[in-house]
Amino acid sequence: MRLTAPAAGHAVTGPRTRDADGMAVASFILGLLGLLVLNLFLGPVAVALAAAALWRGTARRGRAWLGMALGVADLVVLAATMQLSDTVSWNL
């Protein structure tokens, strides 16, 4: 808790912004990991985290957008491999 006002020119980073930055990084990591394993689960989670981070006003907008793109790519890869192998999931 701050009892004094912040100095001029210094931005105060509250818990909301830090949480949003963490969500942006998590969406990127989960989207990247989802390209390899569990893309049915990790893809939508990455998209949801990226959307929440962007809605909360993250300072890491690029990472959030990249996490969203990777989450969508997870689902596209899943759909393509399901069509190619005629199964509900895919195997290497």
Side-chain angles (χ1 to χ4, degrees):
M1 181 173 164
R2 273 187 185 224
L3 297 177
T4 60
H10 295 300
V12 176
T13 306
R16 185 176 171 114
T17 305
R18 282 187 303 212
D19 289 346
D21 291 348
M23 286 183 193
V25 173
S27 71
F28 171 72
I29 291 170
L30 291 178
L32 195 59
L33 186 61
L35 288 174
L36 302 173
V37 294
L38 296 172
N39 47 4
L40 180 63
F41 174 71
L42 294 178
V45 171
V47 170
L49 281 174
L54 289 170
W55 182 72
R56 288 184 177 199
T58 181
R60 299 179 179 194
R61 295 181 57 81
R63 202 161 284 159
W65 282 111
L66 190 57
M68 185 173 289
L70 285 170
V72 170
D74 292 346
L75 298 175
V76 169
V77 166
L78 178 66
T81 53
M82 283 173 41
Q83 289 296 319
L84 291 174
S85 65
D86 293 327
T87 61
V88 178
S89 65
W90 59 277
N91 298 324
L92 292 176

Item checked: Side chains of S27 and V47 in contact at under 4.5 Å (non-hydrogen atoms) -> no

Next item on the list: Look at the side-chain heavy atoms of Ile, Leu, Val, Met, Phe, Trp and Tyr, link any pair under 4.5 Å apart, and say whether F41 and M23 land in one connected group.
Entry: yes

Notebook entry, point to check: If Ile, Leu, Val, Met, Phe, Trp and Tyr residues are connected whenever their side-chain heavy atoms lie under 4.5 Å apart, and connections chain through other members, are V77 and I29 in the same group?
Noted result: yes

Which heavy atom of [X] sits nearest a heavy atom of [Y], and at what distance?
| X | Y | value |
| --- | --- | --- |
| A53 | A24 | CB-N, 3.7 Å |
| D21 | R60 | OD1-N, 3.7 Å |
| P44 | L75 | CD-CD2, 3.8 Å |
| A26 | L49 | CB-CD1, 3.9 Å |

Next item on the list: Can you sort out the partners of L42 under side-chain contact (heavy atoms from CB on, under 4.5 Å), two or more places apart, ordered by chain and number?
Entry: L30, L33, L38

Item checked: S85 side chain vs T81 backbone, donor-acceptor pair below 3.5 Å -> yes

Item checked: CE on M68 to CZ on R61, rounded to 0.5 Å -> 10.0 Å

Checklist line | Distance in Å, D74 CG paired with L35 CG, rounded so as to fall on 0.5 Å steps | finding: 4.5 Å

